[in-house]
Amino acid sequence: LEAGMDDYLAKPIKADLLAQALNGWLSKKKELLDVGSETKEEECEMEQTPNEGDAMAEGVADLPVVEDAVMNELLELGGKTLLAKMVAQFVLDATVCVEQVAEAIESQDPKKLAEAGHGLKGICANLGVKRLQELAFRAEQLGRQNLLDGSEGILDNAKRELATVRDYFQQPNSPID
């Protein structure tokens with residue numbers, strides 16, 4: 001920060017945007033990183049409030065378990081070895097976050113529900129785990145609205161979805177196989 005490097009990158013971090021930001025700062029001396037492709041402007045999708053009722057209702061079941069584009073980008077960035085390490089860490093972190101969602105519901109604490117949902121949403125976005133990310137978003141929104149109604153359904157579905165993600169990466173021909 002003292003040197004003036006105060007750029008901002010939104011999560012999930014995209015390799016080309018990170019390289020572009022770093023090149024902007026490094027180009028004053030020498031361009032050290034090759035972006036490799038032009039950065040396209042991406043429009044942020046507006047977040048919607050969660051559906052009432054079943055947590056796997058419209059909009060969640062239709063999402064991919066894992067987004068192929070994110071997997072391809074991560075494989076290109078660091079190969080299977082790095083991706084396998086990221087997946088292992090994701091499973092550990094996501095398990096903790098799902099447990100925190102359960103604890104928030106058990107203690108009837110909407111603020112903790114929002115915090116746990118937000119944390120889970122972020123780690124899911126980094127790896128492109130779309131269904132679980134949407135469920136985490138819904139938990140976060142319930143908590144922010146100071147509500148717990150429907151949170152147990154979200155939790156049940158989040159537990160099942162986390163198991164689905166684990167299975168996805170353990171199957172033959174997965175991105176880390």
> List for me each residue that meets side chain to side chain donor-acceptor pair (under 3.5 Å) alongside Asn126, sequence neighbours excluded, and say none if there are none.
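Side chain to side chain donor-acceptor pair (under 3.5 Å) check on Asn126 returns nothing, list empty.
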> Going through the distances and angles, do Leu127 and Val87 end up as a side chain to side chain contact (heavy atoms under 4.5 Å, CB included)?
CA-CA 8 Å; Leu127 207 57; Val87 167; 4.1 Å; yes
> Can you name the residues that form a side chain to side chain contact (heavy atoms under 4.5 Å, CB included) with Leu82, not counting sequence neighbours?
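For Leu82 the side chain to side chain contact (heavy atoms under 4.5 Å, CB included) partners, ignoring immediate neighbours, are Met86.
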> Quick one: pull up CZ in Phe169 and CE in Met71 and give me the separation to the nearest 0.5 Å.
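Taking CZ in Phe169 and CE in Met71, the distance rounds to 4.0 Å.
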> When hydrophobic residues are tied together by side-chain contacts of less than 4.5 Å, even through go-betweens, does Leu155 share a cluster with Leu147?
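Looking at the clustering, Leu147 is in the same group as Leu155.
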> Under the side chain to side chain contact (heavy atoms under 4.5 Å, CB included) test, which residues partner Val70, sequence neighbours left out?
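Applying side chain to side chain contact (heavy atoms under 4.5 Å, CB included) to Val70 gives Glu67, Leu74.
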> Do the charged groups of Arg138 and Glu134 touch, with an N to O distance under 4.0 Å?
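Yes, charged N to carboxylate O under 4.0 Å.
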> Heavy atoms only: give me the nearest Ser151-Leu113 pair and the separation to one decimal.
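Looking at all heavy atoms of both residues, the shortest contact is CB-CD2, 4.0 Å.
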> Could you check if a side-chain atom of Lys85 sits within less than 4.5 angstrom of a side-chain atom of Thr81, using non-hydrogen atoms only?
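Counting from C-beta outward, Lys85 and Thr81 do come under 4.5 Å.
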> How long is the gap from CG on Asp93 to CD1 on Ile123, to the nearest 0.5 Å?
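Asp93 CG to Ile123 CD1: 5.0 Å, rounded to 0.5 Å.
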> Write down the atom of Asn146, the atom of Pro110, and the distance for their closest heavy-atom approach.
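Smallest heavy-atom distance, with atoms named: OD1-CG, 3.2 Å.
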> Minimum heavy-atom separation for Cys124 to Gln133, with atom names?
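So the minimum-distance heavy-atom pair works out to CB-CB, 3.6 Å.
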> With a cut-off of 3.5 Å and sequence neighbours excluded, list every side-chain donor-acceptor pair involving residues 94-103.
{"unit_1": "Thr95", "atom_1": "OG1", "unit_2": "Val91", "atom_2": "O", "d": "2.6"}
{"unit_1": "Thr95", "atom_1": "OG1", "unit_2": "Arg166", "atom_2": "NH2", "d": "3.3"}

> For Lys111, enumerate each residue passing the side chain to side chain contact (heavy atoms under 4.5 Å, CB included) test, keeping only those at least two apart in sequence or located in another chain.
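Testing Lys111 for side chain to side chain contact (heavy atoms under 4.5 Å, CB included), a comparison that skips the adjacent residues, returns Asp109, Glu115.
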> Write out all pairs satisfying salt bridge (charged side-chain N to carboxylate O under 4.0 Å, His left out) with one or both partners inside residues 141-153, taking only residues at least two apart or from two chains.
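Of all non-adjacent pairs touching residues 141-153, those that pass salt bridge (charged side-chain N to carboxylate O under 4.0 Å, His left out) are Glu140-Arg144.
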> Side chains of Asp167 and Gln171 only: does a donor on one sit below 3.5 Å from an acceptor on the other?
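No.
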> Report yes if some heavy atom in the side chain of Phe90 is under 4.5 Å from a heavy atom in the side chain of Val165; otherwise report no.
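Counting from C-beta outward, Phe90 and Val165 do come under 4.5 Å.
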> Would you check, one step at a time, whether the test side chain to side chain contact (heavy atoms under 4.5 Å, CB included) holds for Leu63 with Arg131?
CA-CA 6 Å; Leu63 294 171; Arg131 289 185 197 167; 3.9 Å; yes
> What's the shortest heavy-atom distance between Gly150 and Leu142, and which atoms?
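What the structure gives for the nearest pair is C-CD1, 4.0 Å.
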> Distance from Leu83 atom CG to Leu75 atom CG, nearest 0.5 Å?
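Those atoms lie 5.0 Å apart.
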> Under the side chain to side chain donor-acceptor pair (under 3.5 Å) rule, collect the residues that match up with Glu106, sequence neighbours excluded.
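Glu106 satisfies side chain to side chain donor-acceptor pair (under 3.5 Å) with no other residue.
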> Would you say Glu161 and Val65 make side-chain contact, with heavy atoms under 4.5 Å?
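Glu161 reaches Val65 side chain to side chain.
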> Not counting sequence neighbours, which residues clear side chain to side chain contact (heavy atoms under 4.5 Å, CB included) with Gln108? List them please.
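Side chain to side chain contact (heavy atoms under 4.5 Å, CB included) list for Gln108, sorted by chain: Leu148.
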